[in-house]
Amino acid sequence: MKEITGTLPHFGRRLKRIRSSVRMKQSALADMLGVDQTTISRWEAGLQSPDEDVQLRAFDVLIPHRSDDAALKRLVETADACVHLVDEATHVCLAYSRKRAADWRVERQEMLGVSLWPFATEEIQRAEFDLTNSDWFEALSPTPKRFVTSQADNAIRISAGEILWERLYLADGTPARLVTGR
């Protein structure tokens, strides 16, 4: 996995979702990270948050070597819509369509393995923070999230318009987010 920059919101809730999806106990994760089980419990409850390095290490431990998910990636890559697929916990880009590559003004494989969080507009960041007030982290199949974003021109271009977030699961059970725009 390429380096993720910037702390992601809702660390504890993300951690719990990923840990539960891989069926790992808090005590096992604690052993792997060199902390005690109550620390993991406090993180997941949002009572404490570790520094960015520990957060990234926790996700590295939890996100198993996933199966290729070739069929799903092919569906995303060949979609006629402006769509991309990201890892739910880290926002690392797993696949994107030709239309999305054109919208971002990048080459076809350039963003794979890169966290998209550093490129998020204010509206995307706000929508991510607003997930706290929804069933997103607790529900197996949460209500899809719709919102509107403004345009941004950073390392990648983000077009203004409506965005739809939907959760789906990779073959290994890891939650992912399908992002559809314009």
Side-chain angles (χ1 to χ4, degrees), residues 1-11 13-15 17-18 21 52-53 55-56 58-60 62-132 134 136-137 141-182:
M1 177 185 327
K2 291 192 181 178
E3 186 174 333
I4 302 165
T5 56
T7 303
L8 294 165
H10 314 299
F11 169 73
R13 296 175 95 179
R14 289 173 193 281
L15 181 70
R17 164 62 62 197
I18 299 298
S21 75
E52 185 178 337
D53 291 343
Q55 288 183 18
L56 297 176
F59 289 136
D60 282 343
L62 285 171
I63 298 171
H65 296 285
R66 56 176 57 104
S67 58
D68 191 359
D69 282 296
L72 177 59
K73 289 178 181 178
R74 189 172 52 254
L75 285 172
V76 170
E77 290 169 354
T78 61
D80 289 333
C82 197
V83 62
H84 64 279
L85 182 68
V86 296
D87 176 90
E88 178 82 347
T90 62
H91 288 255
V92 167
C93 184
L94 304 173
Y96 53 98
S97 66
R98 291 183 198 287
K99 255 189 175 170
R100 179 63 80 205
D103 183 51
W104 286 344
R105 297 181 180 161
V106 298
E107 298 298 320
R108 288 284 294 136
Q109 306 295 315
E110 185 177 342
M111 299 308 292
L112 295 180
V114 175
S115 175
L116 301 179
W117 183 246
F119 310 113
T121 63
E122 285 183 30
E123 296 87 358
I124 293 170
Q125 291 176 23
R126 190 174 316 114
E128 187 71 37
F129 283 103
D130 287 347
L131 293 178
T132 300
S134 72
W136 194 268
F137 293 102
S141 182
T143 305
K145 170 97 175 154
R146 288 183 186 274
F147 62 95
V148 175
T149 189
S150 60
Q151 182 167 318
D153 285 299
N154 297 312
I156 62 173
R157 179 176 164 247
I158 297 174
S159 293
E162 185 176 79
I163 292 179
L164 173 66
W165 287 343
E166 299 172 280
R167 165 147 342 112
L168 50 84
Y169 293 88
L170 303 179
D172 64 4
T174 303
R177 188 178 300 177
L178 184 64
V179 180
T180 307
R182 296 186 7 195

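Scope of the values below: all heavy atoms of this structure, side chains included, with no hydrogens, waters or symmetry mates.
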K.L.:
For the CG atom of Leu112 and the NE2 atom of His84, what is their distance to the nearest 0.5 Å?
P.N.:
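Output value for this atom pair is 11.5 Å.
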K.L.:
Using 0.5 Å steps for rounding, measure from the CZ atom of Arg100 to the CD1 atom of Ile158.
P.N.:
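Arg100 atom CZ to Ile158 atom CD1 measures 8.5 Å (nearest 0.5 Å).
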K.L.:
Report the C-alpha separation of Leu178 and Leu164 in whole Å, then their side-chain angles, then the decisive distance to 0.1 Å, and conclude whether the side chain to side chain contact (heavy atoms under 4.5 Å, CB included) test is met.
P.N.:
CA-CA 8 Å; Leu178 184 64; Leu164 173 66; over 6 Å; no
K.L.:
Within the structure provided, determine whether Leu170 and Leu72 are in side-chain contact (heavy-atom separation under 4.5 Å).
P.N.:
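Yes, side chains in contact.
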K.L.:
Other residues, nucleotides and ligands only: do more than 12 of their heavy atoms fall within 6.0 Å of CG on Asp80?
P.N.:
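Not buried by this count: 12 neighbours or fewer within 6.0 Å.
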K.L.:
Is any side-chain heavy atom of Met111 less than 4.5 Å from a side-chain heavy atom of Leu116?
P.N.:
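With C-beta onward as the side chain, the pair touches.
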K.L.:
Begin with the C-alpha distance, continue with both residues' side-chain angles, and end with the deciding distance and a verdict on salt bridge (Lys or Arg N to Asp or Glu O under 4.0 Å) for Glu162 and Arg146.
P.N.:
CA-CA 7 Å; Glu162 185 176 79; Arg146 288 183 186 274; 3.0 Å; yes
K.L.:
Does the pair Arg17 and Arg14 meet the rule for a side chain to side chain contact (heavy atoms under 4.5 Å, CB included), with working shown?
P.N.:
CA-CA 5 Å; Arg17 164 62 62 197; Arg14 289 173 193 281; 5.8 Å; no
K.L.:
Tell me whether Glu77 is salt-bridged to Arg98, with the criterion being a basic N under 4.0 Å from an acidic carboxylate O.
P.N.:
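Salt bridge: no.
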K.L.:
Cation-pi between Arg167 and Trp136: NZ/CZ under 6.0 Å from ring centre and within 45° of the ring axis?
P.N.:
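Yes; both conditions hold, so Arg167 lies above the ring face of Trp136.
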K.L.:
Would you say the ring centroid of Phe147 lies under 6.0 angstrom from that of Trp165?
P.N.:
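Yes, the ring centres sit under 6.0 Å apart.
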K.L.:
Quick one: closest heavy-atom pair of Glu128 and His10, and the distance?
P.N.:
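Minimum heavy-atom separation between Glu128 and His10: O-NE2, 2.7 Å.
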K.L.:
Strictly distance-based, threshold 3.5 Å: is any side-chain N or O of Arg13 a donor or acceptor partner for the main-chain N or O of Thr132?
P.N.:
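Between the backbone of Thr132 and the side chain of Arg13 there is a qualifying donor-acceptor contact (under 3.5 Å).
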K.L.:
Where is the tightest heavy-atom contact between Glu166 and Pro144, given as atom of each residue plus distance?
P.N.:
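Smallest heavy-atom distance, with atoms named: CG-CB, 4.0 Å.
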K.L.:
Can you tell if the side chain of Arg177 reaches within under 4.5 Å of the side chain of Leu85, non-hydrogen atoms only?
P.N.:
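A side-chain contact under 4.5 Å is absent here.
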K.L.:
Is the backbone of Gln151 close enough, under 3.5 Å, to the side chain of Ser159 for a donor and an acceptor to pair up by distance?
P.N.:
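No.
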K.L.:
Does some side-chain heavy atom of Asp87 sit less than 4.5 Å from a side-chain heavy atom of Thr174?
P.N.:
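Yes, side chains in contact.
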K.L.:
When rounded to the nearest 0.5 angstrom, what is the spacing between CH2 in Trp104 and SG in Cys93?
P.N.:
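Result: 4.5 Å between the selected atoms.
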K.L.:
Treating Arg157 as the side-chain partner and Ala152 as the backbone partner, does any N or O pair qualify as donor plus acceptor under 3.5 Å?
P.N.:
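The answer is no, because no donor-acceptor pair under 3.5 Å joins these two groups.
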K.L.:
So, for Tyr96 and Glu110, which heavy atoms are closest and what is the spacing to 0.1 Å?
P.N.:
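Of all heavy-atom pairs spanning Tyr96 and Glu110, the closest is OH-N, 3.1 Å.
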K.L.:
Can you give me the closest heavy-atom contact between Leu15 and Ala58, atom names plus distance?
P.N.:
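Of all heavy-atom pairs spanning Leu15 and Ala58, the closest is CD1-CB, 4.0 Å.
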K.L.:
Taking all atoms of both residues into account, what is the closest heavy-atom pair of Ser97 and Val76, and its distance?
P.N.:
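Nearest pair, atom of Ser97 first, then Val76: CB-O, 3.3 Å.
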K.L.:
Could you check if a side-chain atom of Lys145 sits within less than 4.5 angstrom of a side-chain atom of Ser134, using non-hydrogen atoms only?
P.N.:
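No, their side chains stay 4.5 Å or more apart.
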K.L.:
Would a 4.5 Å heavy-atom cut-off, applied to side chains only, mark Phe137 and Leu131 as touching?
P.N.:
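In short, these two side chains touch, coming nearer than 4.5 Å.
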K.L.:
Determine whether Ile163 and Val179 make a side-chain contact, defined as any pair of heavy atoms from C-beta on separated by less than 4.5 Å.
P.N.:
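Yes; the side chains approach each other to less than 4.5 Å.
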K.L.:
Show the nearest heavy-atom pair for residues Ala81 and Lys99, with the distance to one decimal.
P.N.:
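In this case the closest contact between Ala81 and Lys99 is O-CB, 3.7 Å.
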K.L.:
If you apply the rule side-chain hydrogen bond (donor to acceptor under 3.5 Å, both in side chains), what do you find for Thr149 with Thr121, and how did you get there?
P.N.:
CA-CA 7 Å; Thr149 189; Thr121 63; 2.5 Å; yes
K.L.:
Mind telling me whether Trp117 and His91 have parallel, tilted or perpendicular rings, with 30° and 60° as the class edges?
P.N.:
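Tilted.
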